[in-house]
Engineer: 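First the structure, then my questions, so here it is.
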Amino acid sequence: MTTLVRDTADTLTRDALTVLQPGFVGTTPPDWLLRRVAEGLSSVGLFGRNIATPEQLTALTARLRAEREDVLVAIDEEGGDVTRLEVRTGSSFPGNLALGTVDDPELTRAVAHELGRRLAACGVDFNWAPSADVNSDPNNPVIGVRSFGADPELASRHTVAYIEGMQAAGVAACTKHFPGHGDTNVDSHLAMPRIDVDPDTLHARELVPFRAAIAAGSKSVMSAHILLPALDPDRPATLSPRILTGLLRRELGFEGLIVTDGMEMQAIASTYGIERGSVLAVAAGADAICVGGGLADEGTVLSLRDALVAAVRSGELPEERLADAAARVRALASWTRAHRAGGTGTEPGAAVQEGTAPGTDIGLVAARRALRVTPGAAPYEPPAGPVHVASYAPEANIAVGDETPWGVGVELERLLPGTRTGTYGAGTGAADVLRAAGERRIVAVVRDAHRHAWMREALDGLLAARPDTIVVEMGLNQAPPRGALHIATHGAARVCGIAAAEVVAGA
């Protein structure tokens with residue numbers, strides 16, 4: 001009897017560890033993480049703080065797999081504005097809005113495959129992407145350029161192409177943020193968003209890309225921390241049996257892994273707490289708990305493990321539900337392991353060049369195709385010498401982060417030697433920019449100008465004083481084009497900056 005009780009307890013503890021997807025601090029796995037992997041932890045999440053170079057990342061994933069061969073190594077690598085692989089330089093691949101603007105699914109598939117190939121080469125086999133959100137609210141503070149666009153059918157075909165490209169490289173895709181985060185005006189990192197539309201609208205708009213993703217074989221779906229009263233008036237999607245089990249599993253027929261968005265996001269943490277939230281999420285139908293973007297320590301892992309075990313023992317969480325969740329995690333790990341063994345994509349350990357992936361410039365090709373250039377009243381004359389780049393920087397949302405560089409300054413310094421860049425925030429007047437520019441021509445770089453009155457006012461002042469100012473919009477292109485030349489990049493990836501700078505310089 002004692003042995004049976006111990007075996008049951010060991011299985012329960014192992015299952016609780018299996019469903020967690022935690023992060024850690026540093027560029028090498030800490031001892032505590034390796035111990036927990038050996039005890040049953042089946043997934044590890046990587047963030048920008050964990051990545052310095054491709055070679056270092058490859059060594060990190062190899063060390064994890066030396067402890068457990070089938071560990072899932074996950075990352076939040078959307079490309080475009082949200083990059084962890086190239087957090088210090090900016091992405092070699094444009095994001096979803098740029099790809100949706102081109103609207104060539106074969107291009108999207110090729111970009112996703114190359115991104116997946118690079119991840120696989122470093123030993124990463126699970127990507128928390130793509131964002132399938134339909135960006136129906138242009139003032140959305142957290143989705144924006146991360147969406148393929150506002151048209152559900154367009155979002156669907158590019159979501160499918162992205163999944164196919166990524167998974168052909170042996171990296172499991174995770175379609176997010178179910179059932180759709182595009183019509184929110186609140187960032188769920190900070191508070192609980194709410195979408196007040198009727199069920200027919202949700203089925204005709206938000207759910208369309210997710211249906212397509214499921215049909216395309218997306219290995220995983222990530223839930224959103226949003227309240228949709230038409231589906232469940234009481235609980236956000238991540239904690240809702242009606243939404244995760246009733247809608248996603250039964251009605252839409254999804255059989256893959258359901259992953260939560262980060263549980264330390266305030267939409268959950270400040271309302272339910274991460275321990276209580278994690279128990280409710282698994283009970284609702286989630287199979288994996290994502291945590292680690294902000295909380296990245298052993299104590300968090302142990303508290304969530306213990307909360308799940310205690311919930312099973314108290315009867316709040318059925319043991320069968322936890323076992324089923326753990327089995328789905330192991331099934332995905334088996335799929336990725338089989339692809340690694342079969343040599344799909346690029347084998348871990350293969351050399352990976354920093355920046356544009358070796359053998360292809362598909363990311364830059366895509367960024368160039370995504371540009372939309374609107375000339376002013378007079379024929380455009382490229383600057384004859386160095387320019388002054390005035391970069392108007394809004395506060396970055398947490399998903400994007402503030403450590404990744406963006407803009408056109410670095411590339412214009414290469415194309416037009418002597419170019420200088422100044423960064424300006426709210427409260428900066430046109431006089432400050434004019435004084436810094438002197439006689440140089442001004443290139444004003446903005447991001448979501450339609451959402452920031454101070455940014456539009458700054459442009460008003462600049463264009464009134466210097467009508468030859470060039471305007472580059474690197475966010476959602478909603479404001480009317482202005483300037484001697486207006487360039488919309490549809491994202492702030494490094495390659496988007498390169499493509500825009502080439503046009504500015506006449507290269």
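Index from 1, following the sequence.
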Engineer: Is the backbone N or O of Gly144 less than 3.5 Å from a side-chain atom of Ser147, with the two atoms forming a donor-acceptor pair by type?
Structural biologist: no
Engineer: Using the rule given for salt bridge (charged side-chain N to carboxylate O under 4.0 Å, His left out), can you reason through Asp70 versus Arg330, listing the C-alpha separation, both sets of side-chain angles and the distance that settles it, and then say yes or no?
Structural biologist: CA-CA 8 Å; Asp70 63 347; Arg330 294 178 189 124; over 6 Å; no
Engineer: Per the side chain to side chain donor-acceptor pair (under 3.5 Å) rule, what does the pair list look like for residues 22-34, sequence neighbours excluded?
Structural biologist: none
Engineer: Under the side-chain hydrogen bond (donor to acceptor under 3.5 Å, both in side chains) criterion, do His158 and Arg109 qualify, and how do the steps go?
Structural biologist: CA-CA 8 Å; His158 288 279; Arg109 188 175 290 106; over 6 Å; no
Engineer: Taking the six-membered ring of Trp406 (Phe, Tyr or Trp), confirm whether the NZ or CZ of Arg447 is under 6.0 Å from its centre and within 45° of its axis.
Structural biologist: yes
Engineer: Pick out which of Arg146, His177, Lys176 makes a side-chain hydrogen bond (donor to acceptor under 3.5 Å, both in side chains) with Asp133.
Structural biologist: His177
Engineer: Okay, side chain of Arg84, backbone of Asn50: is any donor-acceptor separation there less than 3.5 Å?
Structural biologist: no
Engineer: For the pair Arg337 and Glu69, find out whether any cationic side-chain nitrogen is under 4.0 Å from an anionic carboxylate oxygen.
Structural biologist: yes
Engineer: Between Asp125 and Arg65 (salt bridge meaning N to carboxylate O under 4.0 Å), is one present in this structure?
Structural biologist: yes
Engineer: Got a salt bridge between Glu411 and Arg494, using NZ or NE/NH1/NH2 to carboxylate O under 4.0 Å?
Structural biologist: no
Engineer: In terms of side-chain geometry, is the basic nitrogen of Arg118 or Glu86 positioned less than 4.0 Å from the acidic oxygen of its partner?
Structural biologist: yes
Engineer: Do the side chains of Leu57 and Leu46 get nearer than 4.5 Å, heavy atoms only?
Structural biologist: yes
Engineer: Between Arg63 and Glu67, is there a side-chain N and carboxylate O pair less than 4.0 Å apart?
Structural biologist: yes
Engineer: Identify the residue among Asp287, Asp15, Val282, Val19 that makes a side-chain contact (heavy atoms from CB on, under 4.5 Å) with Asp324.
Structural biologist: Asp287
Engineer: Determine, step by step, whether Leu202 and Leu228 satisfy the side-chain contact (heavy atoms from CB on, under 4.5 Å) criterion, reporting the C-alpha distance in whole Å, the side-chain angles of both residues, the deciding distance to 0.1 Å, and the verdict.
Structural biologist: CA-CA 9 Å; Leu202 291 171; Leu228 300 100; 3.6 Å; yes
Engineer: Once the angle between the rings of Phe47 and Trp128 is folded into 0 to 90°, is it parallel (under 30°), tilted (30 to 60°) or perpendicular (over 60°)?
Structural biologist: tilted
Engineer: So, Ser303 side chain and Thr300 main chain: donor-acceptor pair closer than 3.5 Å or not?
Structural biologist: yes
Engineer: Checking the side chain of Thr489 only, and the main-chain atoms of Cys496 only, is there a donor and an acceptor separated by less than 3.5 Å?
Structural biologist: no
